[in-house]
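What follows is a set of notes on a single structure, which appears directly below.
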Amino acid sequence: MPLDLVQTLSELVATPSVNPMGRPVSGPEFFEYQMTDYLERLFDRLGLRWERQPLEPKRENIIARLDGEIPPEQGGQLIMFEAHQDTVPVDGMTIEPWTPTVRDGRLYGRGSCDIKGGMAAMLVAVSRLAEESPAGRPTILMACSVNEEHGYSGAVDLARLWKDGAKSIIPRQPDAAVVAEPTNLKVVVAHKGTLRWRCHTAGRAAHSSQPQLGENAIYRMSKVIAALETYARDVTPTLARHPLCGGVTLSVGTIRGGLSVNTVPDACTIELDRRLVPGDDSRQARQHVIDFIANYPGVDFEVRHDPPFMDGATLSEGANERLAVALSAVAREHFGAGDRIGVPYGTDASKLAAAGVPSVVFGPGSIDQAHTCDEWVELDEVARASEVLYQFGRRGL
């Protein structure tokens, strides 16, 4: 019997899979291993072949395969549904994060919108396809990746499973991929990329009663931040724009410095977020920012820049047109949805597209509810998304 949508989504939300986002943390709620174990048991219940792909301790992709009428080894279509297992942390939430609660047609809990609602929609669609075995169906891969929220490493590693010489249930490169994210049932064909790195200023420590004997690294960093504020306000509007995704942006997200209030700080670090648009070169974009800082009035000291810790590719329309048209047609046919759009955030789709797989992004919910203190998703929209995915899975491209 096909999976129950509300029960499946509730079970997903009740299974913690918090991405520590690079923080040194511990506890059973962190990393995706509990979710991976849950998915393995679910795939066994559905009678699907599955494979786990280890990345690092407590982090494994898991992929299940539902064979189509003509296997891909014999020329049949191979379609991937992909959803990430991880959620952002639960700091500041005003609801119980792992106690799924249904109220007024919404299901509340961490990950309900991003992206366990989309994952549930995919799992229910796959279970229906497994139960009904419609004629002419393609082979469906249900891929559940790790570490989307802080680096996309799970999606990058997925592509290794169909490389020459790999021993995997994925016999070749998929013909298309639909990536779950909250898009309000619209089909995302283009999105921005994310470039992040840390920069540092150094000083000289001294007792705060004699600050003139030291060099304050935080004061120095304040000049760097002033340069970046100017860059974000005055320079980014003059840079490249994309008709679907808009313009580039720059933001300073964190700052750390100082050991104690009575010590002149000898080090300060910030983290920068530079959003790329399709067509941007990430190396040139980063160097442009570095050069601007170096030439900014008052920055007459060394500013050290680390290599990027995230260099997320963009998603460009064009290579995914056939897929986008097919999925949009299904959505319009059933719900009058499916507009093709661009968005400012990044997704796993960019990594799959970079590996040669035409990819789009589609799912229930709004990005406005993702990561929020009372995260929720409309159950009716999850059901509609699942129906679209099921109908698309019946026919493929």
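Quick caveat: nothing in here was measured; it's all calculated off a predicted structure.
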Start with the C-alpha gap between V88 and D114, add the side-chain angles, then the distance that decides, and say whether side-chain contact (heavy atoms from CB on, under 4.5 Å) holds.
-> CA-CA 9 Å; V88 294; D114 186 10; 5.6 Å; no
In chain order, what residues pass the side chain to side chain contact (heavy atoms under 4.5 Å, CB included) check against Q74, with sequence neighbours excluded?
-> I70, P71
May I ask you to decide if L259's main-chain N or O and T263's side chain share a donor-acceptor pair within less than 3.5 Å?
-> no
For K186 and G338, indicate whether the former's side chain and the latter's backbone hold a donor-acceptor pair under 3.5 Å.
-> no
Hey, can you pull the donor-acceptor pairs under 3.5 Å for the side chains in residues 312-319, sequence neighbours left out?
{"residue": "E317", "atom": "OE1", "partner": "H242", "partner atom": "NE2", "Å": "3.2"}
{"residue": "E317", "atom": "OE2", "partner": "H242", "partner atom": "NE2", "Å": "3.4"}

Find out if a path of hydrophobic residues (ILVMFWY) with successive side-chain heavy-atom gaps under 4.5 Å connects M142 to F362.
-> yes
Is the side chain of E375 donor-acceptor paired with the backbone N or O of G111 at a distance under 3.5 Å, no angle test?
-> yes
Of all residues at least two apart in sequence or in a different chain, which pass the side chain to side chain contact (heavy atoms under 4.5 Å, CB included) check with A125?
-> S386, L389, Y390
By the rule that ILVMFWY residues connect when side-chain heavy atoms come within less than 4.5 angstrom, directly or transitively, which residues belong alongside Y152?
-> F309, M310
Under 4.0 Å between a Lys/Arg side-chain N and an Asp/Glu carboxylate O for E29 and K58?
-> no
Are the charged groups of E333 and R395 less than 4.0 angstrom apart, N to O?
-> yes
Run the numbers on N262 and H207 for side chain to side chain donor-acceptor pair (under 3.5 Å), then give the verdict.
-> CA-CA 6 Å; N262 62 344; H207 195 281; 4.6 Å; no
Does the pair R52/E40 count as a salt bridge with the N-to-O cut at 4.0 Å?
-> yes
Does the D273 side chain pair with the main chain of R196, one donor and one acceptor, at a distance under 3.5 Å?
-> no
Is a donor on one side and an acceptor on the other found under 3.5 Å between the side chain of N184 and the backbone of G365?
-> yes
Considering residues at least two apart in sequence or located in another chain, which fulfil the salt bridge (charged side-chain N to carboxylate O under 4.0 Å, His left out) criterion with E32?
-> R59
Check side chain to side chain contact (heavy atoms under 4.5 Å, CB included) between V156 and all other residues, then give those that pass, not counting sequence neighbours.
-> K351
Sidechain-backbone polar pair: D4 side chain, V6 backbone, donor-acceptor under 3.5 Å = yes
What is the minimum heavy-atom distance between S127 and L46, and which atoms define it?
-> CB-CD2, 3.8 Å
Using 4.0 Å as the upper bound for N to carboxylate O, is an ion pair formed by D311 and R283?
-> no
Please name all residues satisfying salt bridge (charged side-chain N to carboxylate O under 4.0 Å, His left out) with E387, sequence neighbours left out, ordered by chain then number.
-> R128
Under a single-linkage rule joining Ile, Leu, Val, Met, Phe, Trp and Tyr whose side-chain heavy atoms are separated by less than 4.5 Å, which residues share a cluster with W98?
-> V18, V25, F30, F31, Y33, V90, M93, I95, Y108, W376
Hydrophobic cluster identity match, L185 and L5, side-chain contacts under 4.5 Å = yes
Could you give all pairs that pass the ring pair (Phe, Tyr, Trp, His ring centres under 6.0 Å) test and reach residues 273-297, with sequence neighbours left out?
-> Y231-H288, Y231-F292, F292-Y296
Supply the atom-to-atom distance I170 CD1 to W162 CH2, rounded to the nearest 0.5 angstrom.
-> 6.0 Å
Presence of salt bridge, D266 and R204, under 4.0 angstrom = no
Gap separating the CZ atom of R275 from the CG atom of L250, nearest 0.5 angstrom | 11.0 Å
Decide yes or no on side chain to side chain donor-acceptor pair (under 3.5 Å) for S145 and E82, but give the supporting numbers first.
-> CA-CA 7 Å; S145 63; E82 194 266 3; 2.7 Å; yes
For R286, which residues count as a salt bridge (charged side-chain N to carboxylate O under 4.0 Å, His left out) partner, sequence neighbours excluded?
-> none
Sidechain N-carboxylate O distance under 4.0 Å for R274, D280 = yes
Residue D234 excluded, over 12 heavy atoms near CG under 6.0 Å = yes
Atom CE in M122, atom NZ in K116: separation rounded to 0.5 Å?
-> 15.5 Å
CG-CD distance between L66 and E131, expressed to the nearest 0.5 angstrom = 11.5 Å
Distance in Å, W50 CH2 paired with C144 SG, rounded so as to fall on 0.5 Å steps | 12.5 Å
Can we say E69 and R137 salt-bridge, meaning some charged N sits less than 4.0 Å from an Asp/Glu carboxylate O?
-> no
Determine whether T230 and V235 make a side-chain contact, defined as any pair of heavy atoms from C-beta on separated by less than 4.5 Å.
-> no
For T36 and Q85, run side chain to side chain donor-acceptor pair (under 3.5 Å): C-alpha distance rounded to whole Å, both residues' side-chain angles, the deciding distance at 0.1 Å, then the answer.
-> CA-CA 8 Å; T36 312; Q85 301 180 51; 2.7 Å; yes
Would V224 end up clustered with I218 when hydrophobic side chains under 4.5 Å apart are linked, directly or stepwise?
-> no
Please test E181 against H84 for side chain to side chain donor-acceptor pair (under 3.5 Å), starting from the C-alpha separation and ending with a verdict.
-> CA-CA 9 Å; E181 289 291 349; H84 61 86; 3.3 Å; yes
Taking NZ, NE, NH1 and NH2 as the nitrogens, is one of them in D91 or R23 under 4.0 Å from a carboxylate oxygen of the other?
-> yes
Only one of N19, D86, D348 passes side chain to side chain donor-acceptor pair (under 3.5 Å) with N147, and that residue is N19
Answer yes or no: is there a donor N or O on one side and an acceptor on the other, between the side chain of S251 and the main chain of G253, under 3.5 Å?
-> no
Ignoring hydrogens and angles, tell me if any N or O in the side chain of S350 forms a donor-acceptor pair with the backbone of T347 under 3.5 Å.
-> yes
Same cluster or not: are L141 and L123 linked, directly or through other Ile, Leu, Val, Met, Phe, Trp or Tyr residues, by side-chain heavy atoms under 4.5 angstrom apart?
-> no
Checking side-chain contact (heavy atoms from CB on, under 4.5 Å) against Q53, which of V146, D157, I62 comes through?
-> D157
Residues two or more places apart in sequence or in another chain: which of them pass salt bridge (charged side-chain N to carboxylate O under 4.0 Å, His left out) with D339?
-> none
Answer yes if L228 and V299 sit in the same cluster of Ile, Leu, Val, Met, Phe, Trp and Tyr residues linked by side chain heavy atoms under 4.5 Å apart, and no otherwise.
-> yes
Between CG on residue D374 and CD on residue Q369, distance to nearest 0.5 Å | 8.0 Å
Does E96 CD have over 12 foreign heavy atoms under 6.0 Å away?
-> no
Connected hydrophobic set around Y219, excluding itself, where side chains approach under 4.5 Å | none
When you measure from the side chain of R110 to the backbone N and O of P89, does any donor-acceptor pair fall under 3.5 Å?
-> yes
Between S328 (side chain) and V325 (backbone), is there a donor-acceptor pair under 3.5 Å?
-> no
